[in-house]
Amino acid sequence: MYKIIDTSTKTTNITDQLRNAGIRTVIRYYDSFGRGEKLLEKNEAIALSQAGLDIMVVFENSNEPGDFTFDKGIADGSTAIDWAKNQINQPPYSAIYFAVDYDANPTELENSIIPYFQGIEKAFETQSEYTVGAYGSGLVINKLKDLELCQYRWLSQSIGFYGSREALQDRNYELHQIAPSTTLCGIGVDYDIQNPEAQDIGSFRLNANESL
């Protein structure tokens, strides 16, 4: 039975249903503020935590190589940190993942993705005690891990992407997204599997006494 899901739909009113369905961790988004359903807000984080569910978060940039730059990395890192600290009260030392949700080739990785994560690193060095995770292809997440630009690796369900079959075969990831997407408790979800050799995935839970 899968215990981890990611979803772009709010779960505030179905947290008990998710727990009863065997889910233990829900992955939600810090991005595109104002897009409603996709954005994790405080009341949902409290509801998940009070239901005994862990939370993992991902910040999603666009899928255009030109939007991955050093300066954009600083900006996105700062935005994510601000939301985590001031809106969610996310605990220190937990993770914020950043998505590369397209099949970046080796040249794009070197010229765009790595500088973007260097910008994120810069923002995190000066503004937070959070750790960085990366979502994407096997090529992307493992290169970033090798360069110490991320601590956690979330392998995309798109196994045809560069390096993804090899990463899956060699278990070079902390978390792996499973295809295809499905429906659970009335919402669209993807299931995810934690590598049994991974100690954690950077998830968190808010204090039981947390309030709005």
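Position 1 is the first residue of the sequence; numbering continues from there. It should be emphasised that the depicted structure is a prediction, and the values quoted were computed from it without experimental measurement. Atom set for the values below is all heavy atoms of this structure, side chains included, hydrogens, waters and symmetry mates excluded.
- Not a single donor-acceptor pair under 3.5 Å links the side chain of Ser78 to the backbone N or O of Ala123.
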For this session: Could you give me the CA-CA distance, side-chain angles and deciding distance for Ile46 and Gln50, then say whether side-chain contact (heavy atoms from CB on, under 4.5 Å) is met?
Result: CA-CA 6 Å; Ile46 291 172; Gln50 290 180 343; 3.5 Å; yes

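- Ring orientation note: the planes of Phe124 and Tyr130 are nearly perpendicular, at an angle over 60° on the 30°/60° scale.
- Residues Leu149 and Ile74 fall into different hydrophobic clusters, defined by Ile, Leu, Val, Met, Phe, Trp and Tyr side chains chained together at heavy-atom separations under 4.5 Å.
- Residues Ile193 and Ile159 do not share a hydrophobic cluster, defined by chaining ILVMFWY side chains whose heavy atoms lie under 4.5 Å apart.
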For this session: Dump the intermediate steps for side-chain contact (heavy atoms from CB on, under 4.5 Å) on Glu174 and Gln151, then the final yes or no.
Result: CA-CA 9 Å; Glu174 278 65 55; Gln151 180 173 333; over 6 Å; no

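- The backbone N or O of Gly52 lies less than 3.5 Å from a partner atom in the side chain of Arg205, making a donor-acceptor pair.
- Between Asp200 and Gly202, the shortest heavy-atom contact is OD2-N, 3.0 Å.
- Between Lys10 and Glu37 no salt bridge is recorded (no basic side-chain N to carboxylate O distance below 4.0 Å).
- Side-chain atoms of Asp103 do not come within 3.5 Å of backbone N or O of Phe161 as any donor-acceptor pair.
- With Gln90 contributing its side chain and Ala95 its backbone, the two residues share a donor-acceptor pair below 3.5 Å.
- For Ser156 (side chain) and Gly136 (main-chain N/O), no donor-acceptor pair under 3.5 Å exists by modelled atom type.
- Annotation for Gln199: atom CD does not count as buried by contact number, only 12 or fewer foreign heavy atoms lying within 6.0 Å.
- Using a 4.5 Å heavy-atom threshold, the side chains of His176 and Leu168 count as touching.
- Between Asp146 and Lys143 there is no salt bridge, since no side-chain nitrogen of the basic residue lies less than 4.0 Å from a carboxylate oxygen of the acidic one.
- Panel note: side chain Ser94, backbone Pro91; a donor-acceptor pair is recorded below 3.5 Å.
- The other members of the hydrophobic cluster of Ile4, by chain and number, are Ile27, Tyr29, Met56, Val58, Tyr97, Tyr135, Tyr152, Trp154, Leu175, Ile201 (side-chain heavy atoms under 4.5 Å, ILVMFWY only).
- Contact detail for Thr12 and Thr15: the closest heavy-atom pair is O-CG2, 3.9 Å.
- Across every non-hydrogen atom of Ala167 and Gly138, the tightest pair is CB-CA, 3.8 Å.
- Ile113 and Phe70 fall into different hydrophobic clusters, where Ile, Leu, Val, Met, Phe, Trp and Tyr residues are linked whenever their side-chain heavy atoms come under 4.5 Å apart, directly or through other members.
- The main-chain N or O of Arg171 is found under 3.5 Å from a side-chain atom of Asn195 such that the two form a donor-acceptor pair.
- For Ala51 against Asp16, the heavy-atom pair with the smallest separation is CB-OD1, 3.8 Å.
- Smallest separation of non-hydrogen atoms from Glu108 and Asn105: N-OD1, 2.8 Å.
- At least one side-chain heavy atom of Lys42 sits under 4.5 Å from a side-chain heavy atom of Leu206.
- Annotation: side chain of Asp192 is in contact with side chain of Asp6 (closest heavy-atom distance under 4.5 Å).
- Taking the charged nitrogens against the carboxylate oxygens, Asp67 and Lys72 have no contact shorter than 4.0 Å, which rules out a salt bridge.
- A donor-acceptor pair is defined here as one N or O able to donate and one able to accept, closer than 3.5 Å; such a pair exists between the side chain of Thr7 and the backbone of Gly188.
- The nearest pair of heavy atoms linking Ala84 to Tyr30 is CB-CE1, 3.6 Å.
- Using a 4.5 Å heavy-atom threshold, the side chains of Pro65 and Tyr102 count as touching.
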For this session: Walk me through it: do Asn61 and Phe98 pass the test side-chain contact (heavy atoms from CB on, under 4.5 Å)?
Result: CA-CA 8 Å; Asn61 192 3; Phe98 292 82; over 6 Å; no

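- For the atom pair Ser137 OG and Glu166 CD, the distance stands at 10.5 Å (nearest 0.5 Å).
- Residues passing the side chain to side chain contact (heavy atoms under 4.5 Å, CB included) test with Ala179 are Gln157, sequence neighbours excluded.
- Side-chain contact between Asp54 and Val26 is absent, with no heavy-atom pair separated by less than 4.5 Å.
- A heavy-atom distance below 4.5 Å is found between the side chains of Glu44 and Arg28.
- Side-chain contact between Ile14 and Ile187 is present, with at least one heavy-atom pair separated by less than 4.5 Å.
- In terms of modelled atom types and a separation under 3.5 Å, the side chain of Asp170 and the main chain of Asn172 share no donor-acceptor contact.
- Under the 4.5 Å side-chain heavy-atom criterion for Ile, Leu, Val, Met, Phe, Trp and Tyr, Val100 and Val132 are members of the same hydrophobic cluster.
- In terms of hydrophobic clustering, with Ile, Leu, Val, Met, Phe, Trp and Tyr side chains grouped at heavy-atom distances under 4.5 Å, Ile5 and Leu39 are assigned to a common cluster.
- A distance of 8.5 Å separates CG of Asn20 from SG of Cys185, quoted to the nearest 0.5 Å.
- Although no hydrogens or angles enter the test, the distance criterion places a donor-acceptor pair under 3.5 Å between the side chain of Gln194 and the main chain of Ala198.
- Listed by first and then second residue, the side chain to side chain donor-acceptor pair (under 3.5 Å) pairs that reach into residues 113-122 are Asp76-Tyr116, sequence neighbours excluded.
- You'll find the side chain of Leu40 reaches within 4.5 Å of the side chain of Ile55, heavy atoms only.
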For this session: Could you please spell out the steps behind the side-chain contact (heavy atoms from CB on, under 4.5 Å) verdict for Leu147 and Ile114?
Result: CA-CA 9 Å; Leu147 294 174; Ile114 289 173; 3.6 Å; yes

